[in-house]
Amino acid sequence: MPEALLEIQDLVTSFKTTSGLQRVLDGINLSLRRGEILGLVGESGCGKSITSLSIMRLLPQPYGFIENGKILFNDKELTDLSIPEMESIRGNEISMIFQEPMTALNPVFTIGNQIEEVLDIHQDLKKRDKKEKCIEMLKLVGLPRAKDVYNEYPHQLSGGMRQRVMIAMALSCEPRLLIADEPTTALDVTVQIQILELMKSLQKDMNTSILLITHDLGVIAEMCDRVAVMYLGKIVEETTTVNIFDNPLHPYSQGLLNSRLGNIQKGEKLICIPGMVPTLSDKPQGCFFSPRCSKCIDRCKTDMPELNEVKPGHKVRCWLYVDEDY
Amino acid sequence: MRKYLIRRILIIIPVLFGVSIVIFALIHLAPGDPYSSMIDPNFTAEDRRNLLEAIGYYDPLPVKYVKWLGRAIQGDLGYSITYKEPVLSVILRNFKNTVVLSLTALALSVLMAVPIGVISATRKNTIFDYVVTVFSFIGISVPIFFLAMLLIKFLSFDLGLFPISGMQTIGSGYSGFMKFLDFVHHLMLPVIALALVQMAQLMRYTRSSMLEVIMQDYIRTARAKGLKERLVIYKHALRNALIPVVTVICISIGYLMSGAVLTETVFVWPGMGTLVYQSILNRDYPVVVSCALVMAFFILIANLIADILYAFIDPRIKYE
């Protein structure tokens, strides 16, 4: 088994709010191997994006902070690094692309200027080499008029093109880890597939690991080697993509899979998980999912289960799979 | 862009034309006879009427306007009743003083307010931010003539740091560099008063504009690149935050160029503001009309400058 590139241990991230401290991430354990694509799924507000911002140490200031836990990246403990050390990692060894390509680029600088900025920070290139590298990156992400795009401003490009620019920017220093926070959510369906294929092929060429955050199970099936399912700041299931589709164990994962549109015929009622995601200030006792769970037993209402490895490579946080061979 | 500029500049002409009609009409609607003080009180009523008739006082308003306009286009803005010299030379002399005062105040306020606004936004809800906020609220709410009085009381009268009013020490006989220093010394107090008020406003605008920009996605992108926080703020955020601030600055150029009437009056600074004030009191119609036109002209110019600056700061703005 290839060694882990990113190892998150018991990560607790909290936000200071007017009603006191809110634990957004409640002990996350996650590991990402070299060259692997790991999917992170969950409903809105479960802490997917906060996980990525915690890794980048870009939590909204001054409200968000890492309360506890370790983030080991390439044998470095990210939570201990100084600000300049962290700056030299961002955009260089760990890059990030965001959900909204329409607003993620600065409207007042040219594309070339914004990509070259990353090279300026992390690489020592001559002016002409920088421009060459920049245009090469734009070609690599499949922009047809790379030389023109270099001099253009973000508002002159479409959403898909901007996301390609973001990818070019993120990969220009050949990072070991790319965090993609819902990279295709804001795009047209046809463009979504193009962007995903692009990411996948570049990932193979550069041997970059990807942490792919999404709520779209179709994207997971298309892209990921392994999947972690999150619910209310905790990982509830972690396994291979094949396992999650063929044999989901956690009732929440099962619920997510059942609510896919592909499962139903025309005229049938849509299937959904009953209830709403509780607010952070109102976390249920015991297992956080218990109030919405169809298989809830007495123990679920009092104690939070651990994330146990019930089969090799299949971890789940559920009392149903404790003390018994299922 | 060039086409747009030419069009914008040409538009100024009809606008000024309209402004001149309105001003001319308003002035002549006001009751009173500006020439009463020019004519020897010992003249008989008939002589007086003949004199007034000779200069066209009894002409119908449109005729007066056309006559006036015809001369104005040739640079003859009329003869000042109080100053006993051509209006143009009076205005030029006063305008020079206003330019010095207002540009110094503007430069000072921009140089202070923008950095303070930025720091206050990046350190939102710290003691620094609170102090700045309180200060700018005071600056916005205290009327400038009152602030000017306070400055005179404390800085000039109590501490004796600056002269109370005027542009030079009367009877000092300074020349050369000493004269210049004396001028700067007199300039300080009105500049401080004007700049404080301008600053208070600009700081608020910069702060709120900056707070909005800092929340944008592209700021997060800039940080995710590994950019130093200083560059994130002063390169990526400030450039965007300045767009609305430029509007405010340009509006105040128009306001300052027309002579901050209250400030100039309190400090007896012989600029456009004082000139307008005095001329209205003296019913010096030719001066009032010309001043109003000059002010309108500079407000139009300030707006034009704002539009040009937009295109430089924000590439999304294209003038076709």
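Throughout, protein chains are lettered first and strands after them, A, B, ... in sequence-line order, and every chain is numbered starting at 1. Just so we're clear, the structure is a prediction, and the values are computed from it rather than from any experiment.
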Between B:K124 and A:Y63, which heavy-atom pair has the shortest distance, and what is it? NZ-OH, 4.3 Å
Given a strict heavy-atom distance threshold of 4.5 Å, which part of B:I313 is in contact with chain A: side chain, backbone, both, or neither? backbone
Whatever's closer than 4.5 Å to a heavy atom in chain B on A:L58 counts as side chain
Give, as side chain, backbone, both or neither, the part of A:M102 having an atom under 4.5 angstrom from any heavy atom of chain B. neither
Can you name the closest pair of heavy atoms from A:P107 and B:P315 and give their distance? O-CG, 3.3 Å
Between A:R57, A:M96, A:Q114, the one whose heavy-atom pairs under 4.5 Å with chain B are most numerous: A:Q114
Heavy atoms of other groups near B:I127 CD1, more than 12 under 6.0 Å: no
At a heavy-atom separation under 4.5 Å, does A:M86 approach chain B through its side chain, its backbone, both, or neither? neither
Euclidean distance, B:L231 CG relative to A:D120 CG, rounded to 0.5 Å: 10.0 Å
Which one wins on heavy-atom pair count under 4.5 Å against chain B: A:I94, A:L53, A:L105, A:I97? A:L105
Within 45 degrees of the axis of the six-membered ring of A:F98 and under 6.0 Å from its centre: does B:R220 put its NZ or CZ there? yes
Between A:R90 and B:K225, is there a side-chain heavy-atom distance shorter than 4.5 Å? no
If you count heavy-atom pairs within less than 4.5 Å of chain B, which of A:I179, A:T103, A:V108 leads? A:V108
Answer with side chain, backbone, both or neither: which region of A:I89 has an atom nearer than 4.5 Å to a non-hydrogen atom of chain B? neither
More than 12 heavy atoms from other groups under 6.0 Å of CD1 on A:I83: no
Decide yes or no for B:L227 and A:I121: does some side-chain heavy atom of the first lie under 4.5 Å from some side-chain heavy atom of the second? yes
Donor-acceptor pair between B:H236 and A:E117 side chains, under 3.5 angstrom: yes
Rounded to the nearest 0.5 Å, what's the gap from CZ on A:F109 to CG on B:N240? Could you check? 7.0 Å
Whether over 12 other heavy atoms sit under 6.0 Å from B:E212 CD: no
So for atom CG, which belongs to A:D124, do other residues, nucleotides or ligands contribute more than 12 heavy atoms lying within a distance under 6.0 Å? no
